[in-house]
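Report on the following structure.
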2 protein chains.
Amino acid sequence: MPESPWDIYLRNCPCRDVLDLLANKWTALVLGALSRRPHRFGELRRAVGGISQKMLTQNLRALERDGLVTRTVFPTTPPTVEYALTERGSSASKLLMAVSEWSVANFDGILESRKGYDSRVMEPVG
Amino acid sequence: MPESPWDIYLRNCPCRDVLDLLANKWTALVLGALSRRPHRFGELRRAVGGISQKMLTQNLRALERDGLVTRTVFPTTPPTVEYALTERGSSASKLLMAVSEWSVANFDGILESRKGYDSRVMEPVG
DNA sequence: CGGAATCCACTACGATACTG
DNA sequence: CAGTATCGTAGTGGATTCCG
């Protein structure tokens with residue numbers, strides 16, 4: 001079995017830019033936060049932690065464009081904007097939550113692996 | 001319930017660089033290919049499609065360092081190097097395969113969403 | 001508050017050439 | 001074949017400033 005049709009399809013398919021959105025540094029964290037409840041912009045920024053306003057804006061725009069989150073503006077002063085998951089975003093978030101949890105669960109083992117690798121690769125330099 | 005302990009933990013935890021590895025443009029594709037069978041370098045490059053040799057090398061090193069793939073060198077000429085999943089890599093690949101499949105399954109709907117978004121955002125310019 | 005716009009450093013990444 | 005090394009470019013992403 002040299003190659004499955006699925007592989008070939010995925011490799012040639014423009015849908016890979018969807019995968020790129022999900023496999024983004026921030027997407028898992030953003031969707032994870034929104035999966036618990038809708039957030040306002042600044043609130044979401046704090047919830048994610050470490051993301052600049054620019055990146056968060058960019059990510060949210062992409063997510064909104066692809067129909068994973070909704071953006072609702074309340075005409076108050078100062079402005080209030082609320083981001084929430086759509087049905088589609090919710091289903092994506094479930095997958096990405098699993099990935100996040102895997103990261104946490106396997107972190108210790110991975111640290112061990114790194115130690116071994118680094119000591120093997122970086123021979124004594126003196 | 002303002003914030004779960006899990007959120008706080010994930011936000012402050014260095015394990016986020018593990019998430020960064022998984023949420024990488026290429027990781028899902030590489031692990032996906034390796035999940036079917038071990039691959040040699042060039043073979044893997046073709047299987048993934050569109051990745052430069054440099055990027056593939058970098059990714060494989062990171063994956064090896066974190067104990068997700070093994071790298072086996074056979075002292076033949078020309079050299080043969082085989083990459084395969086570890087137990088840990090296999091468990092990660094299962095999650096990422098689900099993400100890939102989600103991308104394929106939701107691609108059409110997402111395209112629709114984009115069309116709507118773009119026509120809404122980009123007003124007639126003339 | 002929730003952005004958009006500008007500036008700028010960094011580095012990601014591809015193309016090319018060379019090695020074992 | 002499976003890399004490493006070097007270079008150049010294009011984009012990522014932070015800091016800052018300004019606006020509704």
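Numbers restart at 1 for each chain; the letters A, B, ... are given by sequence-line order, proteins then strands. Computed over heavy atoms, backbone and side chain alike; hydrogens, waters and symmetry mates excluded.
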> First contact, last contact: which nucleotides of DNA chain C are these for chain B, 5' to 3', heavy-atom distance under 4.0 Å?
Replying inline: C/dC13 to C/dG20
> Is B/E112 salt-bridged to B/K115, cutoff N-O under 4.0 Å?
Replying inline: yes
>> Closest-nucleotide mapping onto DNA chain D: is B/L60 or A/P78 further toward the 5' terminus? I mean the 5' end.
In response: B/L60
Report, one line per pair, each donor and acceptor closer than 3.5 Å where one atom sits in a side chain of residues 51-60 of chain B; sequence neighbours left out.
residue	atom	partner	partner atom	Å
B/S52	OG	B/M55	N	3.2
B/T57	OG1	B/Q53	O	2.9
B/N59	ND2	B/M55	O	3.1

> How do B/Q58 and A/E43 order along DNA chain C: which one's closest nucleotide is nearer the 5' end?
Replying inline: A/E43
> Pick the nucleotide of DNA chain C nearest each of A/G42 and B/K25; which residue has the one closer to the 5' end?
Replying inline: A/G42
> Among the nucleotides D/dG20, D/dG14, D/dA2, which one has an atom lying closest to any side-chain atom of A/M55?
Replying inline: D/dG14
> Between A/T27 and A/A23, is there a donor-acceptor pair closer than 3.5 Å when you use the side chain of the first and the backbone of the second?
Replying inline: no
> Taking only side-chain nitrogens and oxygens of B/R45, does any of them come within less than 4.0 Å of OP1 or OP2 of D/dA2?
Replying inline: no
> For DNA chain D, what is the dot-bracket line, given that a base pair needs Watson-Crick (N1 to N3, plus N6-O4 or O6-N4) or G-U wobble (N1-O2 and O6-N3) geometry with both distances under 3.5 Å, and | means paired with another strand?
Replying inline: |||||||||||||||||||.
> Contact class for A/R71 vs. all strands (heavy atom < 4.0 Å): base, sugar-phosphate, or nothing?
Replying inline: sugar-phosphate
> A/K54 NZ to D/dT17 P: how many Å, rounded?
Replying inline: 15 Å
> A/N24 CG to D/dT12 P: how many Å, rounded?
Replying inline: 10 Å
>> Using a heavy-atom cut-off of 4.0 Å across all strands, would you classify A/Q53 as base, sugar-phosphate, or nothing?
In response: base
> D/dG20 P sits how many Å from A/F41 CZ, rounded?
Replying inline: 18 Å
> OG of B/S113 to CG of A/L68: how many Å apart, nearest 0.5 Å?
Replying inline: 7.5 Å
> A/Y83 near the nucleic acid: base, sugar-phosphate alone, or nothing, with a heavy-atom cut-off under 4.0 Å?
Replying inline: sugar-phosphate
>> In this structure, how many angstroms lie between the C1' atom of D/dT12 and the CG atom of A/N59, rounded?
In response: 12 Å
> In whole angstroms, how far is the P atom of D/dG3 from the CZ atom of B/R40?
Replying inline: 10 Å
> A/L56 has an atom CG; how far is it from atom C1' of D/dT12, in whole Å?
Replying inline: 16 Å
